[in-house]
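Quick note: residue numbers are just sequence positions, from 1.
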Amino acid sequence: MTTSPQATSRRAKPTSASAPPHLAIVLFSLAMGGFAIGTTEFASMSLLPFFAADLGVDEPTAGYAISAYALGVVLGAPLIAVLGARFARRTQLLVLMAVFALGNVLTALAPGFGSMIAARFLAGLPHGAYFGIAALVAASLVPQHRRSQAIGQVMLGLTSATIIGVPLANLIGQAVGWRASFSLVSVLALLTMLLCALFAPRDQAGRSNPLRELGALRSGRVWITLAIGAIGFGGMFAVYTYLATTLIEVTKVSPAVIPFFLAVFGIGATLGNLFVPRFADRALMPTAGCILLLAAVALLVFPLVAGNVWLLAIDIFAIGASVSLGAILQTRLMDVAGDAQALAAALNHSAFNTANALGPFLGGLAIREGFGWTSTGPVGAALALLGFLIWIVAWRDSRSAPIEIASRSDTASLANAPPLAPDHSRSDPARNPVG
């Protein structure tokens, strides 16, 4: 696993003229891509009635556009990670954002629903690979004991999109048209390209190869970690997908209040990604287990508090905070993947989108069977507990056979890389924004 350049190499302080950008600027640049991706992923759901009417399809059919994007994520993440193994990470970030921008431009210009399906699939292809590469870049720029915090700060782009980007895109969609919302996402993607071109650390072409990346698929630890996310994360999606309808039908709130609850969820997710990784950097697997249990409790009480606006808001906040599990599992995958870092990091988002399909499907089954809108809570709790059972297997394995965090090849390659910031930042905690 890659560790910080500061942790593996002592170099002379660079001159001010050649000093690389501060860590916070690099993380912000990477997070901007997450903001763009999060905006299009979640805003598409709220814009569904608008593009369905404009393209002449009913809403259930329009939902295929959401599925096409998710399919692009699931297939694109491992495929791009393997094909991009020999390319520099900075180059991959730029190309992935370019493809993402193109997919959203084509979505905005789609003349019919068929072309929109194709455009959404194209836009989804770079999603998982971008987050995977961005996580590897962020983790490589900090000491080993701060990796989860750095990854969590990159993921803040995704979670903050649920507070700012999604409401903004929805507002633009209602005022100007849904096509303008996807155009906004394209602009955000181009901004990310500019920031990464200016501030992402320059690295050499990758020394990995496709066969080595595919070697990650032979690791049982990789598959167990992916299973934790694919199943345990499904509980959150089971409730979130049907939250708006539950608020109207059960809580009896006005549709105008729904954005408030969506924002509460986003705030919980953002604060979770900001603070929970600090505990994960001290105890990675125990923190993951605690998050799964807390999520199960919050999902289980969902039907009990659905009738009270304020208690429901607290519960939604707690469910949102469980999103921090993503950064923790990302770190775990980087630990167990050996030399196949890019593929393992990207597969985390394939697992995330598998959960995005599994949770709503099972929650929808419970609703159609007549158990009510709040039945998504117990369904979600069951998924979170099943994820916890899988976590127990992974935890017992990690205790019986400790993981070697850094391989020799990782350390050697980092020893030849320039440090992100002057070495004196190591002795001055106030200068390092992560921590």
Side-chain angles (χ1 to χ4, degrees), residues 1-5 23-24 26-38 73 76-78 80-81 84-85 87-94 96-97 100 126-161 192 195-196 199-201 203 206 208 213 216 222 225-226 228-229 233 269 272-274 276-278 280-281 284 288 323-353 405-406 410 414 420 434:
M1 171 54 223
T2 55
T3 56
S4 170
L23 177 59
V26 180
L27 294 181
F28 175 81
S29 302
L30 299 174
M32 179 57 68
F35 184 84
I37 291 173
V73 178
I80 295 174
F87 294 93
R89 289 172 180 171
R90 179 176 178 274
T91 301
Q92 292 185 64
L93 291 173
L94 296 176
L96 291 170
M97 270 294 112
F100 179 74
H127 176 132
Y130 175 84
F131 276 119
I133 297 301
L136 292 175
V137 171
S140 70
L141 301 175
V142 297
Q144 185 270 336
H145 66 279
R146 291 180 175 176
R147 293 172 304 148
S148 293
Q149 294 179 53
I151 295 171
Q153 291 191 19
V154 171
M155 295 298 292
L156 282 177
L158 175 64
T159 56
S160 61
T192 301
L195 291 172
C196 288
F199 303 120
D203 58 323
S208 184
E213 290 292 334
V222 168
T225 305
L226 291 172
I228 294 173
F233 247 136
N273 267 322
L274 189 60
V276 172
R278 296 174 181 267
D281 278 329
L284 185 69
V323 171
S324 59
L325 180 65
I328 299 173
L329 294 181
Q330 188 84 79
T331 305
R332 167 72 179 179
L333 281 169
M334 292 162 65
D335 285 347
V336 300
D339 292 327
Q341 291 290 299
L343 178 59
L347 283 173
N348 188 42
H349 296 275
S350 292
F352 187 87
N353 278 270
I405 300 300
D410 291 332
L414 284 170
L420 175 69
V434 183

**Q.** Audit row: Y130, I80, side-chain contact (heavy atoms from CB on, under 4.5 Å) steps and yes/no
**A.** CA-CA 9 Å; Y130 175 84; I80 295 174; over 6 Å; no
Q. Stepwise, does the side-chain contact (heavy atoms from CB on, under 4.5 Å) test hold for R89 with L136?
A. CA-CA 9 Å; R89 289 172 180 171; L136 292 175; 3.8 Å; yes
So which heavy atom on [X] is nearest to which on [Y], and how close?
| X | Y | result |
| --- | --- | --- |
| S29 | T192 | O-CG2, 3.9 Å |
| V154 | A138 | CG2-CB, 3.6 Å |
| L158 | F131 | CB-CZ, 4.0 Å |
| A288 | I328 | CB-CG2, 3.8 Å |
| L347 | P78 | CD2-CB, 3.7 Å |
| F35 | S160 | CD1-OG, 3.6 Å |

Got a second to check how far [X]'s [atom1] is from [Y]'s [atom2], nearest 0.5 Å?
| X | Y | atom1 | atom2 | result |
| --- | --- | --- | --- | --- |
| L27 | L141 | CG | CG | 7.5 Å |
| Q92 | I133 | CD | CD1 | 4.0 Å |
| L30 | M155 | CG | CE | 12.0 Å |
| L274 | Q153 | CG | CD | 6.5 Å |
| C196 | L96 | SG | CG | 10.0 Å |
| I37 | H127 | CD1 | NE2 | 5.5 Å |

Q: Not counting sequence neighbours, which residues clear side chain to side chain contact (heavy atoms under 4.5 Å, CB included) with N348? List them please.
A: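 For N348 the side chain to side chain contact (heavy atoms under 4.5 Å, CB included) partners, ignoring immediate neighbours, are L329, Q330, L333.
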Q: Take atom CZ of F28 as the centre, draw a 6.0 Å sphere, and report whether it contains more than 12 heavy atoms from other residues, nucleotides or ligands.
A: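 Counting other residues, nucleotides and ligands, CZ of F28 stays at 12 neighbours or fewer.
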Q.
Test your reading of the model: is there a side-chain donor-acceptor pair from S324 to the backbone of N273, 3.5 Å cut-off?
A.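 No, S324 side chain to N273 backbone: no donor-acceptor pair under 3.5 Å.
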Q. Do any N or O atoms from the side chain of T91 and from the backbone of F87 form a donor-acceptor pair under 3.5 angstrom?
A.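 Such a contact is absent between T91 side chain and F87 backbone.
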